[in-house]
Every structure is written in structure tokens, then in C-alpha cells.
Amino acid sequence: MHLMYFTEQPMKDYPADAGLEIGFTSLLMSNKHFDPVVGSRLYNEFLENYVYAEEMGVDGIMLNEHHNAPFCMQAKANVFASLLAGMTNRVKIVLLGNPLPLTDNSVRLAEELAMIDMVSKGRLVSGFVRGGGQEQLATNANPAYNRERFQEAHDLIVKTWTVPGPFRWEGKHYHQRVVNPWALPLQQPHPRIWIPGVISHETIIWAAQHGYPYIALNTSIEDTKKIWARYDAAAAEAGYTPGPENRGYLIRCHVAETEEAALASARQFLWMDGEFTGRLKPVWASPSGYFSPSSRETFVNFVAGQSASPTRPRKTFEQQLGDLQIIAGTPKQVVESLRTIMRETRPGIMAFWGNDGRMSQADARTSIRLLGQEVMPALRETAKELDLKSPFEADMPVSRDWANAQQKRAAE
Amino acid sequence: MATVDWKSGIVSAGGTDLHVTRGGKGPPIVVLHRDIGTLERLPFYDALARTHEVIVPNHPGYGKSPRQEWVANVRDIAAIHRCLLDQLGLSQASLVGLGFGGWIAAEMATFAPSDAPRLVLVGPMGVKPPRGEILDQALISYIEYVKAGFHDQSAFDRNYGATVTTAQLVQWDLCREMSFRVAWKPYMYNDSLPWLLRGVRSKALIVRGDDDRVVPDSAASLYAERLPNATSETIAGAGHLIEMEQPDTLARLITSFIASN
């Protein structure tokens, strides 16, 4: 079992009234509300907390990135990955991930990731994402080509890591006269690639076809099971049987000494649901061409403001606690809930999302301490009982392509 | 008034299938529709068809014309339409371009300066407005975007109904996706076009609504300045979607321009 700590890096201190007044807290909410003095303090607190999480015993630090919104201050996952490569010693640095369509130069990205892998002495997990809808608008990446760009950038990066240069790349969206970066990853054949997501069928199937672990982002147990059914079917078609090592799960989780304190802080998770922030216009979340053509009818009504989000149905705090989409309590209570999720969905990777909204730094650190020292040891025992192995423990091949190539070589 | 007998079908233009609607009798007018596609029937088309044969092709990837994965910019669309007109024996037809369709018509005119003897551009996109910006549909919903095109908001209900159907939203989404494919960056213009317009020989009419909130007035002025044989008309009390707001006024302007040129 691989157990990670994650935070969205929330901009806790911004005038919430400003967002409530205009009705959105992303993309077009003016950055005049961003205070760099507060930003500087918060970035350093986040760094302290990551280092503390390593001290408390987590296996990995999960990082992500978003743009133009206070719910996530991290605009470039590779920046924090680089810092942590030097500031930590043991934890895996898990990027979930770099939004491939947003970059016009995938070779440069491959180079950056190789550098992070070398500096961290081979601790990088290089996840890739399509980026949210509004990220396309924030960075001017064409949403109509989002999936094509994702797949082509992925292919180019993996080739850059695994095929000796120089070579030329003439694709549809990427064109490189010379691919021959001097920096290459320490891990061979390349760092592990994990793919996070919610319900996009195409992405689940694509991850399964490549043999990449899929990290379900805080989905309900019922939806998570549907994801694994789809993943397993695609894997079977690709000729292999996936296990817990192919399954990851991110869960919002806050631990405190008392249930009362845990519930009070866990309410801060709602800010992403639009209570304080996370408000956006549906058309930004789902620009045309971004979502799957098979769900066009569902999405157009959402974009037109005529129906609720198909990906994130709005639920109350109590409903989310009841559905185990937010876990909060004392270590004992939290372990019990997390064991239910582990039994029901059998993940080999779990990420714990903490420190959201306006949670105090003291509460955030208490939760990290209790997670690392009390919750995680108990979960590791459960993982042993349930035989839930991480990709590292299972020595899972980094990809199906690699596994197939190895088999072919062995046969020859 | 006689009802126009409209006929629709697929025509292959150099291997690209296009859905084409035709009706009316008289000198041919090809209408190039907007980035939001077009309704199947419009009083504007009927008004033109009283004295002209009216041909309305759906651009590739819009309406009922299938998307071609390789179509990557507006000049590709313009080249396909030129091919269509050649195939239909309509090389000398008058071109009427509405908004985004005005951009396509202008590109077509730059390909073959002797063709398109008469060119009508209605609130045309396609050039970078010297002042102001073309309204970015990427930032607003389908309904907000279309509503921004009307001076008189009751015209929206008249054309699309008070409640927009899912089928119409799907149509707008398909059109929007195709517009992103061909005109995402720079948004809705071609930097080369103002220079190429200088070689166009067409007699051109530039029409604008006096309350166009989608394409700034300065874009129409730039067209009028760069096209060697252009005149301009402004329609009072009209927004961007003039053909749906004041169909008869626009049809009269166009037919009299064609008659006198």
C-alpha cells in the first residue's frame, strides 16, 4: 500500500465577499485579490507541511496544479516537485499531474521531469492529466484538441525518455526539429506514470490500455467500483489482469484528537464545493470540445446553466460524510471508515487530501501527525490482510508497452 | 406570397461532403452562415429567394455537414466552398457572409480576385479590430453568446423560442467546437487578411448593425478601408445577428446592391 499526503494549496486569505458578490471565484475573478505577502507565507507553510509529512511517515507527497483560482495556489507542479526533490529524502514525489495539453513543448517537460527524478534520486512518479476545462482557458490551450494533445505529448515524452536521440518529431500538434535532451530520468526505463481522473470513460480506458494506475479522485464508492469495472474490462482486452496496484484513490480526510474538532475543520472541505470558493461558470469547466462527444447532451445543459454538474453532483456535508467522500474523526474513527473503502474498492494507492479552505496551520499539522503516526500504520496492517500492494511492492511494469517489449526480448 | 420550395442534400466538394440547401429563382446568392450555424429556414432566406436563387451550404463541421478532422483553419473552409461553387457552376455567384461567414467569404474573394464579383459582408469577423475585441464565446454560455448578438432581446425568443431545446444546444456546441478548431488562436481573425483584401476586385458592401456587441465597428471599418471597391451601410436598431433581427431590411439592402452592381 502506498499512502500519500495531498493538499490543494488553498489561498486561505482572500476576500471571500469579492467572489460571492460576482458569483465566481476562478478564471475571471481579478487577481487584485491575491496578496503576495500572504502567498509567500502560505507557500512556505505548505513546504513545511510536506517535509513534516515525510517525518510523520507518509510514503508519498502528491502534487497537482491549477490556474487562476484561490482554491489552488500551485500553478506549476514541477516547481514544488523540484523543491521537494531537494528538501525531502524518502517520500515519492507524485505529480498528479502535469497537464500535458497546456504545454507547447513536451520535450522541455520531459527534461524538467528527468531533472527532478535525478535530483530526488529516483523518487519521481510522473502523472499526467488533461487539465480541467478552465485550465485550457487560463493558458489558451485549445479545448477542441485537448485529448489529441494529451495523447501526442505523452507519446513524445515517453519516446524522449526511452529512445536514444537525436530524433525528429513531426506530429499533429507537436513538432520538434531535434529531440535529444541531455538530461534523462534516473529511473529506468522511465518514472512511473499514474493517471488521475474522475469519470471520463476515455481516460480510464486509455490508462488501462497503457497499464498505468488510475487514481480515482474522491469518487463515491459506487462510482469507484464502476471505474474499476471499466478499467478491468479494458485491461482484459489489452491482455492482462490488473490488481490493487492498478488502483489509486484520493479521499478528503481530516484527523483530530476529538471528533468534534475533526468535524469542525473538515467543514472547510466544502469551500471547494462552492461555499467559499470553487465557484465557476459551467462553460469554463466544460468548454466545447473538452468533454467526451458521447456525453455531449448531458454537458450542454450543464454549460447552458440548465442542469447540475454531471461530474460533481452537489451534496451536503452530512451526505458526503455518510457516503464516505469526506472522512473526519479521531484516528480510530478514520481508520474504520478508510478500512471500509479499502475493503470495498481494493486500492493499492491512497492519497489523503488535507488542509483545505481556511483550516488553521496548527489543525493541518495535527492531522498530518495523526495520519502519519496513527492512521497509516493501522491501514498498512489492513493492506497486508487484504493483500493490497502498491505498484512498487508488486514490482509492476511501468507500462504495458514496456512489459510486452520485455517479454518479446525474453522470447528471442 | 408564394412559398419558396427549399431543397436540401449532400454535395461532395472535392471529396468533402457538404450539406447544401437551395431555393428560389434568379441570379444566385451563396449565403455563408455564422459560427453558431444556421436555422434550417429563415425569413431572411425567404426574402432573398423572392428574386434570387439562394444557396446555403453548411460549413464542414457545422450543422449537417460532417466534420473533417483535417480542416484546421478558416482558409481550409474557404477553399472547400470555392471548390463547391465551381462544382455547382456558381463561381460567379454573389457571396453573402454573415459574421464568421463574412470572414469565410472574404477569404474566398482573396483566392480568386476575379470571382465573387459581388461580396456582401455583414458584421464580418476575420480581421483584428483596430479598436475593441471580438466577443469571445469561450467565456460565455451558448445562450449568452447568441443573446449578445441581438439588439432587441425579443428577437431571440422569436427565432429560438423562450426555452432553448437540448437539440439546439447540441447544435451550438458542435458549431462552437468546430469554431475552436479553426479559429481559437488568434481568436476569430487572420492577421494576413487585411493585406490580402487589397487585391480583391469584388464590388463589396459592408453592413453593420449600430448595436453590434459581438464584432466591433472598427473591424467593419477596416474591411471598408482595405477592400478597393467597398461601400458601407449601417442598420439602425440592429445587433450582430441582423438577418434574424431585421430580415427584410437586410434582404432589401443586399438585393438592391446586387441589382445596381
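None of the values given here were measured: they were computed from a predicted structure. Labels below follow one simple rule: chain letters A, B, ... track the order of the sequence lines, proteins then strands, and each chain is numbered from 1.
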Chemist: Need one label for L174(B): side chain, backbone, both or neither, based on atoms under 4.5 Å from any heavy atom in chain A.
Modeler: both

Chemist: Verify whether one side chain among Q134(A) and N68(A) offers a donor that lies under 3.5 Å from an acceptor in the other.
Modeler: no

Chemist: Can you check whether Y174(A)'s main-chain N or O pairs, donor with acceptor, with E152(A)'s side chain at less than 3.5 Å?
Modeler: yes

Chemist: Name the member of V170(B), T163(B), I143(B), V164(B) that forms the most heavy-atom pairs with chain A at distances under 4.5 Å.
Modeler: V170(B)

Chemist: Are Y14(A) and D35(A) close enough that a side-chain donor and a side-chain acceptor fall under 3.5 Å?
Modeler: no

Chemist: So which of R176(B), Q137(B), E177(B) has the largest heavy-atom pair count under 4.5 angstrom toward chain A?
Modeler: E177(B)

Chemist: Between E8(A) and N64(A), do the side chains contain an N or O donor and an N or O acceptor separated by less than 3.5 Å?
Modeler: yes

Chemist: For E69(B), is it the side chain, the backbone, both, or neither that has a heavy atom closer than 4.5 Å to a heavy atom of chain A?
Modeler: both

